[in-house]
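Each ligand, and each atom within it, is numbered from 1 in the order the structure gives. Side chains included, hydrogens not; waters and symmetry mates left out as well; all remaining heavy atoms used.
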Amino acid sequence: MGRCVVAEAEEILDKAFPVLDKGFVRLVDYMGSDQRIVQAARVSYGEGTKTHRQDAGLIDYLLRNEHTSPFEQVVFTFHAKMPVFVARQWVRHRTARLNEISGRYSIMAEEFYEPAMEDVSEQSEDNKQGRKNEPMEKERALKVLGTLKELHGKAYEGYAALLEEGTARELARVVLPLSLYTEWYWQIDLHNLFRFIQLRMDAHAQREIRAYALVMRDIAAKVCPLAFESFNRHVVGGVRFSGEEMRALKRRLAGEESGLKGRAAERFEAKLKDGGSQ
Ligand SMILES: Cc1cc2nc3c(=O)[nH]c(=O)nc-3n(C[C@H](O)[C@H](O)[C@H](O)COP(=O)(O)OP(=O)(O)OC[C@H]3O[C@@H](n4cnc5c(N)ncnc54)[C@H](O)[C@@H]3O)c2cc1C
């Protein structure tokens, strides 16, 4: 069998899907599809071609049982544009290959992330790493947005002035803030893309990177819909129970108290109530 061509994926190749105020993700290229996953798995089992239903069953079996290597046979190249603070979280996913625009080589464009008003919130009190779910009241949010705009303007003015004086681009750029937009080509296989999407779509991840993970899930699902059907069924919204929690769960199912105390009991109840990623 030759190259996998998926009509739905071909239709969206090179199409930029907007994310945040100035960002985007587009699928540059892909290699493999659901078909490649089943071919790779059947090579290891020494079996031939089967029906579509059997293929779907095999993919679901592989995903459920964490037989992950056939998913590594599918590869995606994305072109994405995101603020630097999102890129810093994104780049922690080390199993990708990337090429980023160079601020040493190019003059960076005056493009800064400015959140939508409903995304401006106060610092959360119970989650040190996040913001409150509800937005700030309108007047205060407008003030925050005004401050951001003003600081962005000043930073870029400083950058432009340094360039004007003949300062090297690699040095002038150090005045630019984390909200500056950057872009890159990012290539990853499906197994590791699943992990990226799982971690970054989760409610614990920052809202801005979640926006990218959601768009990338929809794009990648065009290439291998069966794999994403299984991923959505078994991974998204799922939680992992520890051994201790499984014993507590069994007690609860038997109509007894969980037997957990303090923070352990709170974590357990939160898992039952809120589940995992959306
Ligand atoms: C909600 C959230 C909050 C976070 N907060 C912080 C934070 O405060 N500070 C911080 O520093 N990070 C933080 N991170 C980043 C986090 O620690 C991980 O670095 C990131 O999520 C990437 O995950 P990964 O290592 O599984 O991904 P990948 O790097 O893609 O790795 C995928 C798999 O390959 C393995 N792997 C990759 N490279 C190697 C290697 N060289 N050797 C051996 N195994 C390898 C990994 O162990 C993993 O199993 C946060 C992440 C999330 C989702």
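- Contact check on Glu208 versus Arg131 returns a salt bridge, with a Lys/Arg side-chain nitrogen under 4.0 Å from an Asp/Glu carboxylate oxygen.
- Shortest non-hydrogen contact noted between Glu100 and Trp184 is CA-CB, 3.7 Å.
- Under the 4.0 angstrom criterion, atom 37 (C) of ligand 1 counts as having a protein heavy-atom contact.
- Taking every heavy atom of both residues into account, Leu63 and Ala227 meet most closely at CD1-O, 4.1 Å.
- With Arg94, His191, Arg88 as candidates, the residue nearest to atom 47 (O) of ligand 1 on a non-hydrogen basis is Arg94.
- Nearest protein heavy-atom neighbour of atom 18 (C) of ligand 1: Arg92 CB, 4.5 Å.
- Distances below 4.0 Å separate heavy atoms of Leu199 from the following atoms of ligand 1: 21 (O), 23 (O), 53 (C).
- Interface atoms of ligand 1 facing Asn192, defined by a heavy-atom separation under 4.0 Å, are 32 (C).
- Contact check on Glu157 versus Lys154 returns no salt bridge, with no Lys/Arg side-chain nitrogen under 4.0 Å from an Asp/Glu carboxylate oxygen.
- Aromatic ring centres of His152 and Tyr113 lie farther apart than the 6.0 Å criterion allows.
- Looking at Gln89, Gln129, His204 and measuring to atom 7 (C) of ligand 1, the nearest heavy atom belongs to Gln129.
- When distances from atom 44 (N) of ligand 1 to the protein are checked, no heavy atom turns up under 4.0 Å.
- Ring orientation note: the planes of Trp90 and Phe196 are tilted relative to one another, at an angle of 30° to 60°.
- Note that atom 16 (C) of ligand 1 has no protein non-hydrogen atoms nearby, at separations under 4.0 angstrom.
- Ligand 1 has no atom lying under 4.0 Å from any heavy atom of Gln206.
- Note: Phe194 and Phe231 have parallel aromatic rings, judged against thresholds of 30 and 60 degrees for the angle between ring planes.
- The nearest heavy-atom contact from the protein to atom 34 (O) of ligand 1 is Thr95 CG2, 3.9 Å.
- Between the side chain of Asp119 and the backbone N or O of Pro115 there is no donor-acceptor pair closer than 3.5 Å.
- Of the charged side-chain nitrogens involved, none lies within less than 4.0 Å of a carboxylate oxygen, so that Glu245 and Arg240 do not count as a salt-bridged pair.
- Of the protein's heavy atoms, His93 ND1, 3.8 Å lies nearest to atom 27 (O) of ligand 1.
- Taking a distance limit of 4.0 Å, we find that atom 49 (O) of ligand 1 is approached by no protein heavy atom.
- The option with the heavy atom closest to atom 26 (O) of ligand 1, from among Met201, Gln198, Arg195, is Arg195.
- Using a 4.0 Å threshold on non-hydrogen atoms, atom 5 (N) of ligand 1 counts as touching the protein.
- In this structure, Arg200 counts as a contact residue of ligand 1, since one of its heavy atoms falls inside 4.0 Å of the ligand.
- Between Phe78 and Phe76, the two ring planes are parallel [angle under 30°; tilted spans 30° to 60°].
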